[in-house]
Number of protein chains: 2
Amino acid sequence: MSTANPATTTGSRRMPEKRRAIARAASTVFGREGYTRASVDAIASEAGVSKRTIYNHFGDKEKLFLSVVLENAGELTEIIAGLADRHLHKIVDLEADLTAFAVDRAKAVLAAGEHYALGRTIRAEAGNIPPDVLAAWLAAGPLASQRDLADHLTRLASQDLLTLDDPDLAATHFTLLTFSGAADQSFYGAVPISDAALHTTVTTGVQAFLRLYPRP
Amino acid sequence: MSTANPATTTGSRRMPEKRRAIARAASTVFGREGYTRASVDAIASEAGVSKRTIYNHFGDKEKLFLSVVLENAGELTEIIAGLADRHLHKIVDLEADLTAFAVDRAKAVLAAGEHYALGRTIRAEAGNIPPDVLAAWLAAGPLASQRDLADHLTRLASQDLLTLDDPDLAATHFTLLTFSGAADQSFYGAVPISDAALHTTVTTGVQAFLRLYPRP
DNA sequence: GTCTATAAAGTGATAGAC
DNA sequence: GTCTATCACTTTATAGAC
């Protein structure tokens with residue numbers, strides 16, 4: 001009955017540690033296996049805790065999933081915002097910078113097996129997720145990122161780097177042209193996409209985007 | 001797969017009738033519940049046959065799923081080809097005709113709870129589907145439709161209705177701009193999308209497409 | 001149409017850290 | 001002493017066989 005864990009402070013004083021370990025493991029396993037295939041035992045094993053600990057912290061499997069999903073959406077949104085800021089804050093070459101941003105964003109979202117592969121699982125389970133939670137996930141994730149991108153595009157337009165009337169629509173078009181195709185090809189990360197294929201998809205997408213919203 | 005017709009349903013000869021009933025039921029239940037949630041009992045019940053009959057015809061649950069998935073892709077491709085032919089064969093008003101086609105196509109693919117809602121399930125299970133089957137599904141489904149659309153666009157270009165260099169890329173852009181957004185909004189049919197929202201999405205998408213590939 | 005084996009969700013009693 | 005993790009157990013559902 002020894003846990004045989006040398007590194008872990010067996011003392012269970014602070015729960016945030018264990019809770020974070022569980023959340024991390026859950027996002028990994030849910031992202032890899034999907035909701036129904038992911039067993040709580042597997043998550044417990046991955047997290048290095050017992051199953052009961054998970055139930056103590058999260059109540060049941062569904063609540064665990066929903067919690068992790070929302071936390072994850074926020075984290076990924078911040079990562080994407082960081083990428084946008086890095087690539088789009090100061091423009092050197094508009095096409096190159098947009099391309100670099102789109103490639104990095106696609107990799108962040110579609111990176112198979114990573115900690116942010118939950119998007120696939122959420123979409124797969126959309127029909128079984130309470131509408132308010134689904135709305136909250138959309139708001140914290142895709143919609144937040146789209147809004148952030150729209151702000152960047154607005155700024156670029158104000159610098160006469162491109163022409164647009166409706167920033168939200170332009171952001172939507174950018175995502176469709178530079179991301180959705182790659183997401184579709186890779187089944188949202190379930191099947192790996194080669195760097196070459198990703199680059200090709202993004203490059204042609206950015207070119208189309210710039211034909212839609214050209215410099216004035 | 002067309003054989004001589006057995007007039008009697010309860011005949012002791014071959015029974016494609018039952019097989020078709022099973023396939024139909026399976027596509028409905030798999031599409032509605034997803035792979036793991038769909039029980040073979042539920043499919044048997046929906047088909048009005050015994051579970052044993054299913055195992056006799058299809059071997060096991062996975063083979064049943066893979067069979068149905070491939071059949072379904074072919075059927076949906078034919079339906080979409082019919083829609084394209086109806087709306088795009090003789091153009092009256094290019095924007096209106098493209099819009100009508102895109103709306104009908106989106107409804108056909110995203111119609112929640114219908115017999116062709118399997119696309120969602122396939123995408124959800126992509127990581128667990130053998131790569132060769134996945135490739136076959138892509139070829140019989142999305143790629144075939146994309147190819148068909150590219151042919152239509154080529155013809156329209158030859159009639160000087162639009163300008164394009166790469167028909168396949170243009171077809172991809174059309175699908176991205178007029179379908180992918182709606183698919184994303186509705187989680188591939190899991191969440192219903194209003195007619196108004198669909199029409200708006202498609203209309204703006206067609207307009208963007210025509211700005212990308214304008215009349216010469 | 002019934003039966004079995006299995007796997008997984010969820011729970012209760014116990015041991016141990018502070 | 002209290003609080004929390006752990007293990008063993010129960011229950012339920014389902015794939016597949018007879």
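Note on naming: letters A, B, ... go to the chains in the order of the sequence lines (proteins, then strands), and numbering restarts at 1 for each one.
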### Query
For the pair made of CZ in Arg19(A) and P in dA5(D), what is the distance, rounded to whole Å?
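Taking atom P of dA5(D) as the reference, CZ of Arg19(A) is at 12 Å.
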### Separation of atom CZ in Phe58(B) from atom P in dG16(D), rounded to whole Å
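Atom CZ in Phe58(B) sits about 14 Å away from atom P in dG16(D).
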### Message
Checking Asp97(A) now: which residues fulfil salt bridge (Lys or Arg N to Asp or Glu O under 4.0 Å) with it, not counting sequence neighbours?
### Response
none
Write out a two-atom table: protein N or O, nucleotide N or O from nucleotides 11-15 of chain D, distance below 3.5 Å.
from	atom 1	to	atom 2	distance (Å)
dA15(D)	OP1	Ala38(B)	O	3.4
dA15(D)	OP1	Lys61(B)	NZ	3.0
dA15(D)	OP2	Val40(B)	N	3.0

### Query
Does His57(A) have a side-chain nitrogen or oxygen under 4.0 Å from the phosphate oxygens OP1 or OP2 of dA5(D)?
yes
### Task
Tell me whether the OP1 or OP2 atom of dT6(D) has a side-chain N or O from Thr53(A) closer than 4.0 Å.
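For dT6(D), OP1/OP2 do have a side-chain N/O of Thr53(A) under 4.0 Å.
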For residues 40-48 of chain B, please give each side-chain donor-acceptor pair under 3.5 Å, one per line with the distance, not counting sequence neighbours.
none

Review item, side-chain donor-acceptor pairs of residues 128-149 of chain A, under 3.5 Å, at least two apart:
from	atom 1	to	atom 2	distance (Å)
Asn128(A)	ND2	Glu125(A)	OE1	3.1
Gln146(A)	NE2	Asp168(A)	O	3.1
Gln146(A)	NE2	Thr172(A)	OG1	2.5

### Query
Could a donor-acceptor pair under 3.5 angstrom be found where the side chain of Arg52(B) meets the base of dG16(D)?
no
### Message
Restricting to non-hydrogen atoms, name the atom on His57(A) and the atom on Ile22(A) that form the minimum distance, rounded to 0.1 Å.
### Response
CD2-CD1, 4.0 Å
### Message
So, using ring pair (Phe, Tyr, Trp, His ring centres under 6.0 Å) as the criterion, who are the partners of Tyr35(B) when residues are at least two apart?
### Response
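By the ring pair (Phe, Tyr, Trp, His ring centres under 6.0 Å) rule, Tyr35(B) matches Phe30(B), Phe65(B).
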### side chain to side chain donor-acceptor pair (under 3.5 Å) contacts in which one or both residues fall within residues 75-85 of chain B, not counting sequence neighbours
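Sorted result for residues 75-85 of chain B: Glu75(B)-Tyr116(B).
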